[in-house]
Amino acid sequence: MPRLLKVTGLSLTPTFQPGDFVIVSKIPFFFIPPRPGDVVAFRQPGYGTLIKQVAQVDPASGALTVTGTQPESVDSRIFGPVSPRSLLGKVIWHVKKRP
């Protein structure tokens, strides 16, 4: 089932701004596994629900290295690879907030 999430941080600016909304779904992953460039939402212990871009996928385990676009982003540089089991889905729709 698709989920609607509100963007709250600056990690993926300028593309995703605080106040934007995204719809995420696991359905795309039934057909094509996560790959570099995908924007995904996942649950990370100690950090909650995060939205990041996939930088790399470990072919042996499917673990994802995820990054933000900002140098201070909390991402795989801080918490390591993300398990595919923690994925909420791929961002399939982006609704920008009104100016």
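The analysis underlying the following values was restricted to heavy atoms, covering all of them including side chains, and did not include hydrogens, waters or symmetry mates. Sequential numbering from 1 along the given sequence is applied to the chain's residues.
Linking Ile, Leu, Val, Met, Phe, Trp and Tyr whenever their side-chain heavy atoms come within less than 4.5 Å puts Y47 and V66 in one cluster. When hydrophobic clusters are built by joining Ile, Leu, Val, Met, Phe, Trp and Tyr residues whose side-chain heavy atoms come closer than 4.5 Å, directly or via intermediates, L87 is not grouped with L4. Put simply, V57 and F42 are part of the same group of oily side chains (I, L, V, M, F, W, Y) that touch within less than 4.5 Å, one to the next. No path of Ile, Leu, Val, Met, Phe, Trp and Tyr side chains, each step under 4.5 Å between heavy atoms, connects V24 with V82, placing them in separate hydrophobic clusters. In this structure, F21 is a member of the same hydrophobic cluster as W93, with clusters built from ILVMFWY side-chain heavy atoms closer than 4.5 Å.
Nearest heavy atoms, G62 versus P84: O-CG, 3.3 Å. Pairing each heavy atom of I32 with each of R35, the nearest pair is CG2-NH1, 3.7 Å. Closest heavy-atom contact between S73 and I78: O-CG1, 4.3 Å. Heavy-atom minimum distance, D38 versus P33: OD2-O, 4.3 Å. Minimum heavy-atom separation, F29 to G89: CE1-C, 3.8 Å.
Distance check: I51 CD1 to L88 CG gives 9.0 Å after rounding to the nearest 0.5 Å. Going from atom CD1 of I27 over to atom CE of M1 covers 9.0 Å, rounded to the nearest 0.5 Å. With rounding to the nearest 0.5 Å, the separation of CG in L10 from CD in Q17 is 7.5 Å. Atom-to-atom distance recorded for L50:CG and F79:CZ is 5.5 Å, nearest 0.5 angstrom. With rounding to the nearest 0.5 angstrom, the OG atom of S83 is 8.0 Å from the CG atom of L64. Between the CD atom in Q44 and the OG1 atom in T49 there is a gap of 10.5 Å [rounded to 0.5 Å].
Of the residues T13, D20, V95, the one that meets the side chain to side chain contact (heavy atoms under 4.5 Å, CB included) test with V7 is D20.
Proximity of L12 to V39: side-chain heavy atoms (C-beta onward) are separated by under 4.5 Å at one or more points.
In summary, the side chains of S25 and K90 do not present any donor paired with an acceptor at a separation below 3.5 Å, with no hydrogens or angles considered. Side chains of T69 and Q53: a donor-acceptor N/O pair is absent below 3.5 angstrom, by distance only.
The backbone N or O of V74 lies less than 3.5 Å from a partner atom in the side chain of K52, making a donor-acceptor pair. Judged by distance alone, the side chain of K97 and the main-chain N or O of P18 form a donor-acceptor pair under 3.5 Å. In this structure, D75 contributes its side chain and R77 its backbone to a donor-acceptor pair below 3.5 Å.
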